[in-house]
Asks: 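The following block contains the structure, expressed as structure tokens.
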Amino acid sequence: MNKKTLTVKKLDISYLADVMHLQEKIIQGLHPDEQHFILHRTAEDYMKYLDGQSDNMLGVFDEDKLIAQTVFKLPQNDEKRDMPEFKSEKENKDLVIYEAILVDPAYRGASLMKRMLEYIEAHAIDQGRTHAIIQIAVDNPASWINALHYGMSITKVDLDPEDNAKVIYLEKAISHKPNSAIRPANNNADVYSMYLGDNIHTKIPTLFSKMQYLIQSGYKGTSLNKETKSLIWEKPSAHRTKSLDFAWFANKKVSSL
């Protein structure tokens, strides 16, 4: 892959066949246990995004080949929006909602997710949007770790009200400020380091419970420390607690995903 040949563009209905082909290729390349990460959209579903106003699609091309795609929404105030259970205090017109992000397995590790989110963010800011949100399955750590790298924070961990799936909600304030994806260190915050280990998938049920507890205690997940393989959580020191006590779930039976 030559990064100089990569281009990002908004997709329209003429790309429907490419969009369907990429989705099928990605699904077929996943382990059966991982295929539920992806919402299997029909051609009719995608047509709404490819010819929409509030609903949009973005693609990354290697020359003429579509190698990554994402759905995003710019909802209007008079519309019913996705994830009404998250950031309900925000008006629709202030939000950009990141949805499914699919990357050809042969191109993973090329920061394509970050590239698409930067493009969408710039477009959303031009449209007057001030806040980006996304919902990701907790057992899809590659995606929520990428979102953290992009500058988003975990501020809600819960069950999806539609299908009861365990999900993580992330958000980010957006603006025209340079390097807005780089989060400055907060020297006035309590910090907790959550060890993820080498095989994060085996720890997902316990991590989900810990994340819920941290959110309830006023923390938000802000970054990943690659050296210690830990997820970093921060809370303003004005809300300092004596200690974190995870005993409430230590003896709790945690169901598998």
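Everything numeric in this text was worked out from a predicted model, so none of it was measured.
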Asks: Where do M152 and L170 come nearest, in terms of heavy atoms and distance?
Replies: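 M152 and L170 have their closest heavy atoms at CE-O, 3.7 Å.
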
Asks: Measure the OH-OG distance between Y150 and S111 for me, rounded to the nearest 0.5 Å.
Replies: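 That separation rounds to 12.5 Å.
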
Asks: What are the two closest heavy atoms between S54 and Q76, and how far apart are they?
Replies: OG-CG, 3.9 Å

Asks: Using a strict cut-off of less than 4.0 Å between a Lys/Arg side-chain nitrogen and an Asp/Glu carboxylate oxygen, indicate whether E79 and R81 qualify as a salt bridge.
Replies: no

Asks: List the residues meeting side-chain contact (heavy atoms from CB on, under 4.5 Å) with N146, not counting sequence neighbours, and say none if there are none.
Replies: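 With neighbours one apart ignored, the set is M113, H149.
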
Asks: Taking side chain as C-beta onward, heavy atoms only, is L231 less than 4.5 Å from L148?
Replies: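 They are in side-chain contact.
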
Asks: Which atom names give the shortest non-hydrogen contact between T155 and I215, and what distance separates them?
Replies: C-CD1, 3.5 Å

Asks: With a 4.5 Å limit on heavy-atom distance, are the side chains of Y219 and D190 in contact?
Replies: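 Y219 reaches D190 side chain to side chain.
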
Asks: With sequence neighbours left out, what residues match I200 under side-chain contact (heavy atoms from CB on, under 4.5 Å)?
Replies: P141, W144, L196, I204, L207

Asks: For D64, is the CG atom crowded, meaning more than 12 foreign heavy atoms sit under 6.0 Å from it?
Replies: no

Asks: If you take all heavy atoms of G59 and L66, which pair is closest and at what distance?
Replies: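 Minimum heavy-atom separation between G59 and L66: CA-CD1, 3.8 Å.
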
Asks: Pick from M20, Q28, H21: which one makes a side-chain contact (heavy atoms from CB on, under 4.5 Å) with E24?
Replies: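 Only match with E24 under side-chain contact (heavy atoms from CB on, under 4.5 Å): Q28.
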
Asks: With no hydrogens and no angle check, is any side-chain donor or acceptor of Y195 less than 3.5 Å from a backbone partner on K229?
Replies: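 A pair under 3.5 Å: no.
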
Asks: Ignoring hydrogens and angles, tell me if any N or O in the side chain of N225 forms a donor-acceptor pair with the backbone of T228 under 3.5 Å.
Replies: yes

Asks: Donor-acceptor pair, S230 side chain versus S193 backbone, under 3.5 Å?
Replies: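 No; judged by distance alone, with no hydrogens or angles, the pair does not exist.
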
Asks: Spell out, as yes or no, whether a donor-acceptor pair under 3.5 Å connects the side chain of R115 to the backbone of V8.
Replies: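 Not at all, since once roles are kept as given, no pair shorter than 3.5 Å links the two residues.
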
Asks: Would you mind reporting whether T70 and I120 have side-chain heavy atoms less than 4.5 Å apart?
Replies: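 Yes, their side chains come closer than 4.5 Å.
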
Asks: Look up atom CG in L16 and atom OH in Y49, then write down how far apart they are to the nearest 0.5 Å.
Replies: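 It is 13.5 Å, given to the nearest 0.5 Å.
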
Asks: Apply the test salt bridge (charged side-chain N to carboxylate O under 4.0 Å, His left out) to residues R41 and E99: give CA-CA distance (whole Å), side-chain angles for both, the deciding distance (0.1 Å), then the verdict.
Replies: CA-CA 12 Å; R41 288 182 166 90; E99 300 257 343; 3.6 Å; yes

Asks: Any Lys/Arg nitrogen of E171 or K156 sitting under 4.0 Å from an Asp/Glu carboxylate oxygen of the other?
Replies: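 Salt bridge absent between E171 and K156.
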
Asks: Apply the test side chain to side chain contact (heavy atoms under 4.5 Å, CB included) to residues L214 and Y192: give CA-CA distance (whole Å), side-chain angles for both, the deciding distance (0.1 Å), then the verdict.
Replies: CA-CA 9 Å; L214 285 163; Y192 176 78; 3.8 Å; yes

Asks: Have a look at K73 and tell me which of N56, N92, D82 forms a side-chain hydrogen bond (donor to acceptor under 3.5 Å, both in side chains) with it.
Replies: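 By the side-chain hydrogen bond (donor to acceptor under 3.5 Å, both in side chains) criterion, K73 pairs with just one of N56, N92, D82: D82.
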
Asks: Enumerate the salt bridge (charged side-chain N to carboxylate O under 4.0 Å, His left out) contacts for residues 143-155, please, sequence neighbours excluded, ordered by first and then second residue.
Replies: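 Found none.
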
Asks: Partners of D94 by side chain to side chain donor-acceptor pair (under 3.5 Å), sequence neighbours excluded?
Replies: none

Asks: For N164, enumerate each residue passing the side-chain contact (heavy atoms from CB on, under 4.5 Å) test, keeping only those at least two apart in sequence or located in another chain.
Replies: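 Scan of N164 (side-chain contact (heavy atoms from CB on, under 4.5 Å), adjacent residues dropped) gives L159.
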
Asks: Are any of the side-chain heavy atoms of K220 and I154 separated by less than 4.5 Å?
Replies: no

Asks: Is the shortest side-chain N to carboxylate O distance from E118 to K114 below 4.0 Å?
Replies: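 Salt bridge between E118 and K114, a charged N being under 4.0 Å from a carboxylate O: yes.
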
Asks: When rounded to the nearest 0.5 angstrom, what distance separates CG in L112 from CG in L117?
Replies: 11.0 Å

Asks: Tell me yes or no: between the side chains of Y46 and Q23, is some donor less than 3.5 Å from an acceptor?
Replies: yes

Asks: So how far is it from I145 CD1 to S223 OG, rounded to the nearest 0.5 Å?
Replies: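 One gets 11.5 Å once the value is rounded to the nearest 0.5 Å.
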
Asks: Given 3.5 Å as the limit, does a donor-acceptor pair link the side chain of D104 with the main chain of I67, or not?
Replies: no

Asks: Counting only N and O atoms by type, is there a donor-acceptor contact under 3.5 Å from the side chain of K9 to the main-chain atoms of L58?
Replies: no

Asks: What residue among Q135, E121, K172 forms side-chain contact (heavy atoms from CB on, under 4.5 Å) with Y98?
Replies: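 That would be E121.
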
Asks: So which atom in M211 and which in V138 form the shortest heavy-atom distance, rounded to 0.1 Å?
Replies: SD-CG2, 4.5 Å

Asks: State whether K87 and E89 are salt-bridged, where the test is any N-O pair (Lys NZ or Arg NE/NH1/NH2 against Asp/Glu carboxylate O) under 4.0 Å.
Replies: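 Answer for the salt bridge query: yes.
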
Asks: What heavy-atom pair brings N140 and I136 nearest, and what distance separates the two atoms?
Replies: O-CG2, 3.9 Å

Asks: Is the backbone of P84 close enough, under 3.5 Å, to the side chain of S88 for a donor and an acceptor to pair up by distance?
Replies: no

Asks: Which Ile, Leu, Val, Met, Phe, Trp or Tyr residues join I97 in one cluster when any pair of side-chain heavy atoms under 4.5 Å counts as a link?
Replies: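 Hydrophobic cluster check, I97: joined to M83, F86, L95, I133, V167, Y169.
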
Asks: Going through the distances and angles, do R129 and L74 end up as a side chain to side chain contact (heavy atoms under 4.5 Å, CB included)?
Replies: CA-CA 8 Å; R129 309 292 164 140; L74 299 169; 3.7 Å; yes

Asks: Donor-acceptor pair, D126 side chain versus H123 backbone, under 3.5 Å?
Replies: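 It does not hold such a pair.
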
Asks: Looking at E227, I want to see if its CD is surrounded by more than 12 non-hydrogen atoms of other residues, nucleotides or ligands under 6.0 Å.
Replies: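 Check fails, neighbour count at 12 or below.
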
Asks: Does the separation of the ring centres of F61 and Y15 fall below 6.0 angstrom?
Replies: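 Ring centroids of F61 and Y15 are less than 6.0 Å from each other.
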
Asks: Within the structure provided, determine whether V71 and D55 are in side-chain contact (heavy-atom separation under 4.5 Å).
Replies: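 Side-chain contact under 4.5 Å: no.
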
